[in-house]
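All of these numbers come straight from a predicted model, not from anything done at the bench. Chain identifiers are assigned alphabetically (A, B, ...) following the order of the sequence lines, protein sequences preceding nucleic acid strands; residue numbering begins at 1 within each chain.
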There are 2 protein chains.
Amino acid sequence: MADKQRSARPGTGAKRKAADAVVSPDDCDPARCPCDDAACSLSRYVRTTQAANGDEDHHTLEATEQAVAERLSGLSIDMSAMAVISNVYRAANAVRNHVERTVLAPHDLTWTGWVVLWVIWIWGDIESRHVAAEAGISKGTLTGVQNTLMSRGLVKRRVHPDDARRVLLSLTPKGQKLMSSVFPEFNAVEALMSEDLDDDAKLATARALRAIVKKAENA
Amino acid sequence: MADKQRSARPGTGAKRKAADAVVSPDDCDPARCPCDDAACSLSRYVRTTQAANGDEDHHTLEATEQAVAERLSGLSIDMSAMAVISNVYRAANAVRNHVERTVLAPHDLTWTGWVVLWVIWIWGDIESRHVAAEAGISKGTLTGVQNTLMSRGLVKRRVHPDDARRVLLSLTPKGQKLMSSVFPEFNAVEALMSEDLDDDAKLATARALRAIVKKAENA
DNA sequence: CGTTCATCGTTCGGTTCCGAACGGTTTGTC
DNA sequence: GACAAACCGTTCGGAACCGAACGATGAACG
């Protein structure tokens, strides 16, 4: 989600400040929460209320969590699957928001714009349909991102020499310069976010995520 | 991301079919790809081109991947961090798209609408600011989702008895009925997507993701 | 060659979403 | 008790995104 669709207007992207921003609380208490291994999101609200107003709510924490457990135990639920999948989405959002604010916004880049630049940077001279597939966006969206990036002088496009339908994308020298200066910053943040994981955990997590992607994409 | 903002118009959400949809290729070849443990996305494009046109591209696969390795090895990059973080985002998108198509669309629900319903279902009688925090959306977005869900008779709202600024949200009987019928479907898909992971892997992955969330949110 | 069909990138309408601004309510301070 | 500051949910403008429709090009077949 970072684009301008038609009518490329440069230099307006990535405005994620931190005012009304999406906030989110904290950990869960394994002793109370019915989730597996403290790895769920069920008690974030509890912590919030707990911290905020002393005890003004009508239902106590215990009663509420009891209700959660009962509601879920009534049905037969795969709690560990829930913990994994729901945290995938939560993590993705958290990462994206953080990266946009800390790394991308100062360079006036949006997330999608960044991903597109990255793909072109890595593959150089790549057809736009492949860029869209790699970046995980639709063709229509890519057109807009393209125009934005072109108007900022970061990306070039030329028609495929053998097929006039296709379009080849590549980075301008300015774009290349941008990437080689920004990507280390980006990667540093990636490293920071995964620094609590040892190497085995990183590899295992990446492998697990790939398994999920595989299941989700062809099923 | 699933909402209607202002002017609640019911019954038009969740239209994700599969026509021009976001496609995405396949695995990477560990023998060739410079990533760790086949857990990256760097060779998806390669596989695509490989499968599509026999060998019409100008740079061979080997040359391309060599270029990737060189470009990345020129800088000092934490490849395992990159593998983890980039796959988080990819997995989240894949999961969301799949769930929207298979589970939510038949019930005319959007992803965000679903998450909001879920939060209210679990916590019952919850203040809207907490719903927004739990669901990971902004207050403004929640207002729109609220209206949509209210106009469909799934959600009730009432003013907080002790504080006229606050609003308490809860599910109508119709909303409760919907949740208890749809959530098992949803959870079944969650289970399906993580079925290639054994229990230890699920727990470990969930734990790793929480660590990432923690880092991303307060840093 | 001319026709048909697949495929490419673009256009366009509609939806989702964020963030800043706003009015209304409560709390704190003199 | 008035006044200011903090906080709540809503409104509103604008960006980002998808998916269907479109025009143009290329390939297959007679």
Side-chain angles (χ1 to χ4, degrees), chain A residues 1-9 11-23 52-53 56 93 96-97 100-101 105 110-113 115-116 127-133 135-148 157-160 162-169, chain B residues 1-9 11-23 52-53 56 93 96-97 100-101 105 110-113 115-116 127-133 135-148 157-160 162-169:
Chain A
M1 319 136 174
D3 165 33
K4 213 124 304 144
Q5 196 177 3
R6 61 209 144 201
S7 87
R9 217 139 47 95
T12 54
K15 292 233 173 66
R16 224 165 265 249
K17 283 293 150 28
D20 205 6
V22 172
V23 262
N53 44 345
E56 205 177 331
N93 265 348
R96 177 180 165 158
N97 287 335
E100 280 182 338
R101 274 197 287 269
T110 61
W111 175 267
T112 303
V115 174
V116 168
E127 297 178 25
S128 48
R129 66 203 164 109
H130 294 141
V131 175
I137 59 180
S138 70
K139 298 184 301 176
T141 300
L142 179 62
T143 299
V145 183
Q146 251 181 61
N147 292 335
T148 305
R157 33 160 296 170
R158 60 191 182 89
V159 214
H160 195 292
D162 298 335
D163 189 340
R165 292 171 303 179
R166 309 182 190 184
V167 168
L168 290 173
L169 264 37
Chain B
M1 319 129 177
D3 165 33
K4 212 126 303 146
Q5 196 177 6
R6 63 209 144 199
S7 88
R9 215 137 49 92
T12 53
K15 292 232 174 65
R16 225 165 264 250
K17 282 296 152 22
D20 205 5
V22 171
V23 262
N53 44 345
E56 205 176 333
N93 266 346
R96 177 182 164 155
N97 286 336
E100 280 182 336
R101 273 197 287 268
T110 61
W111 176 268
T112 303
V115 173
V116 167
E127 295 178 26
S128 48
R129 67 202 163 108
H130 294 141
V131 175
I137 59 180
S138 70
K139 299 184 302 175
T141 301
L142 179 62
T143 300
V145 184
Q146 251 181 62
N147 292 335
T148 304
R157 35 162 294 173
R158 62 193 181 88
V159 209
H160 195 292
D162 300 334
D163 189 339
R165 292 172 303 181
R166 307 184 191 182
V167 168
L168 290 172
L169 265 39

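Using a 4.5 Å cut-off on side-chain heavy atoms (C-beta onward), A:V116 and A:I137 make contact. Side-chain contact between B:L168 and B:V159 is absent, with no heavy-atom pair separated by less than 4.5 Å. At least one side-chain heavy atom of A:R129 sits under 4.5 Å from a side-chain heavy atom of A:R166.
With rounding to whole Å, B:L142 atom CG is found 15 Å from C:dG19 atom P. Remark: P of D:dT10 and CD1 of B:I137 are 12 Å apart, rounded to the nearest angstrom. Distance A:E100 CD to C:dC18 P: 11 Å, rounded to the nearest Å. The separation between A:H160 atom NE2 and C:dG9 atom C1' is 14 Å, rounded to whole Å. Between the P atom of D:dC18 and the CZ atom of B:R101 lies a distance of 11 Å, rounded to the nearest Å. Rounding to whole angstrom units, NE2 of residue A:H130 and C1' of C:dG9 are separated by 13 Å.
Residues A:S128 and A:L169 approach most closely at CB-CD2, 4.1 Å, considering heavy atoms. A:Q146 and A:T143 make their closest contact through CB-O, 3.2 Å (heavy atoms, listed as atom of the first residue, atom of the second, distance).
For B:R157, the salt bridge (charged side-chain N to carboxylate O under 4.0 Å, His left out) criterion is met by no residue, not counting sequence neighbours.
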For nucleotides 4-8 of chain D, which of its nitrogen or oxygen atoms have a protein nitrogen or oxygen under 3.5 Å away, and what is each distance?
| from | atom 1 | to | atom 2 | distance (Å) |
| --- | --- | --- | --- | --- |
| D:dC7 | O2 | B:R165 | NH1 | 3.0 |
| D:dC8 | OP1 | B:R129 | NH1 | 2.7 |

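Remark: B:T141 is in phosphate contact with C:dC18, judged by side-chain N or O atoms under 4.0 Å from OP1 or OP2.
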